[in-house]
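Have a look at the structure below before the remarks.
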Amino acid sequence: MFGLWDFNSESAVLNWGNIVYVLQGIPITLLYTMVALCLSLLFAIALSLLSRSKIKSLSCLIRFYISIFRGTPLLVQLSIIYFGSSYAIGVNLSALTAGIAAFSLNSSAYVAEIIRSGIQSIDEGQFEAAKALHIPVFLMWKDIIFPQAFRNIFPALVNESLTLLKDTALISTIGGLDVMRRASLLGAEYYSYLPPLLLAAFIYYILVIGLSYGAKCIEKRLQYD
């Protein structure tokens, strides 16, 4: 059993070379997380604004989109996008492209609901006051509504970010060489899955703790602004 953890033994599952190999998946994991988070935030803002449209068919379409991505497993969505892209659009997507697309679309459905709740938390009188003062719509959202809304929903956005970070482990199912995939490959090579999986779990835990700490620092600054 000790040989499985002997860092200086080349035959051990968790020797230094193998640990470094798994650690090299961290930038890939963070790439999926950060790109998908930025895209989902932009898409969610657009969805939350369009959902307020007076065009009933448009708002119904957005609600349908949100219900689909919130009501089906992320793994199924990822698989459909990755394996179904060649049938739907005639293009074989890479694991990176399919992963970012799936994570962005899925997360945007949740973030859109979070932003919608943040907008609803703003007193309706502020919208009326902005109209009475003839403030352009873009400036009203940019300078009045969104700053207050994002301050209110920041903790919820952080929780969604943490969920997204952990969900990126699913990219291993389609060959993305993230932390989880590298740990799985080590387990298959040495016929011992527990040590690599424990290492992967520890890495994800450290990443989540680091992101949580950074978010708390930002939240404190927002409280004092």
Side-chain angles (χ1 to χ4, degrees), residues 25 28-122 141 145-146 149-181 184 200 204 207-208 211-212 215:
I28 299 174
T29 295
L30 293 178
L31 174 64
Y32 281 108
T33 303
M34 296 305 164
V35 175
L37 183 61
C38 292
L39 291 178
S40 65
L41 184 60
L42 293 175
F43 196 23
I45 291 174
L47 289 174
S48 60
L49 291 177
L50 291 175
S51 66
R52 296 173 58 88
S53 172
K54 296 181 180 180
I55 304 176
K56 189 174 181 179
S57 58
L58 179 59
S59 59
C60 288
L61 181 63
I62 292 174
R63 285 197 298 270
F64 177 72
Y65 165 87
I66 292 175
S67 68
I68 287 294
F69 280 94
R70 294 185 66 181
T72 56
L74 176 55
L75 180 58
V76 174
Q77 299 166 17
L78 176 62
S79 301
I80 289 175
I81 291 175
Y82 182 67
F83 295 108
S85 59
S86 59
Y87 296 97
I89 58 177
V91 176
N92 292 318
L93 298 180
S94 65
L96 176 63
T97 303
I100 289 178
F103 297 141
S104 299
L105 293 173
N106 178 271
S107 183
S108 67
Y110 290 91
V111 176
E113 288 295 283
I114 294 173
I115 295 177
R116 183 181 63 83
S117 65
I119 293 174
Q120 289 180 341
S121 68
I122 306 300
W141 286 103
I145 305 302
F146 275 137
F150 276 106
R151 189 189 299 267
N152 295 337
I153 64 176
F154 184 76
L157 289 177
V158 172
N159 289 335
E160 175 59 25
S161 302
L162 298 179
T163 300
L164 179 59
L165 172 60
K166 292 179 288 185
D167 284 346
T168 57
L170 293 175
I171 200 65
S172 62
T173 60
I174 60 173
L177 284 175
D178 65 329
V179 170
M180 185 63 188
R181 177 66 174 176
S184 299
Y204 281 110
L207 292 176
V208 167
L211 181 57
S212 299

Checklist entry - Is there a side-chain contact (heavy atoms from CB on, under 4.5 Å) between L74 and F69 once you walk through the steps? => result CA-CA 8 Å; L74 176 55; F69 280 94; over 6 Å; no

Item to check | Audit row: L207, L30, side-chain contact (heavy atoms from CB on, under 4.5 Å) steps and yes/no | outcome: CA-CA 9 Å; L207 292 176; L30 293 178; 4.3 Å; yes

Show the nearest heavy-atom pair for residues [X] and [Y], with the distance to one decimal.
X	Y	answer
A36	S104	CA-OG, 3.3 Å
G176	A95	N-CB, 4.1 Å
A149	I119	CB-N, 4.1 Å

Atom pair [atom1] ([X]) and [atom2] ([Y]), whose distance is rounded to the nearest 0.5 Å:
X	Y	atom1	atom2	answer
I100	L96	CD1	CG	4.0 Å
L170	S172	CG	OG	7.0 Å
Y32	D167	OH	CG	14.0 Å
L105	I81	CG	CD1	5.0 Å
S51	E113	OG	CD	8.0 Å
L42	L47	CG	CG	11.0 Å

Item to check | Identified side-chain contact (heavy atoms from CB on, under 4.5 Å) partner of I171 from the options I28, V179, L78 | outcome: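 Single side-chain contact (heavy atoms from CB on, under 4.5 Å) partner of I171 among I28, V179, L78: L78.
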
Got [X] and [Y] here, is their nearest side-chain heavy-atom distance under 4.5 Å?
X	Y	value
Y110	N159	no
F103	T33	no
I114	E160	yes
I122	N152	yes
F64	S67	yes

Next on the checklist: With side-chain contact (heavy atoms from CB on, under 4.5 Å) as the criterion, how do N106 and L164 come out once you've worked through the C-alpha distance, each side chain's angles and the decisive distance to 0.1 Å?
Outcome noted: CA-CA 9 Å; N106 178 271; L164 179 59; over 6 Å; no

Checklist entry - So, does S85 use its side chain to make a donor-acceptor pair with the main chain of Y82 at under 3.5 Å? => result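 Yes; at least one donor-acceptor contact below 3.5 Å.
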
Checklist entry - Does any N or O in the side chain of D178 come within less than 3.5 Å of the main-chain N or O of G25, such that one atom is a donor and the other an acceptor? => result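 Judged by distance alone, no pair lies under 3.5 Å.
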
Item to check | Test log, rule side-chain contact (heavy atoms from CB on, under 4.5 Å), inputs Y204 and T29 | outcome: CA-CA 9 Å; Y204 281 110; T29 295; 4.0 Å; yes

Item to check | Stepwise side-chain hydrogen bond (donor to acceptor under 3.5 Å, both in side chains) check, S108 with Y65 | outcome: CA-CA 10 Å; S108 67; Y65 165 87; 2.9 Å; yes

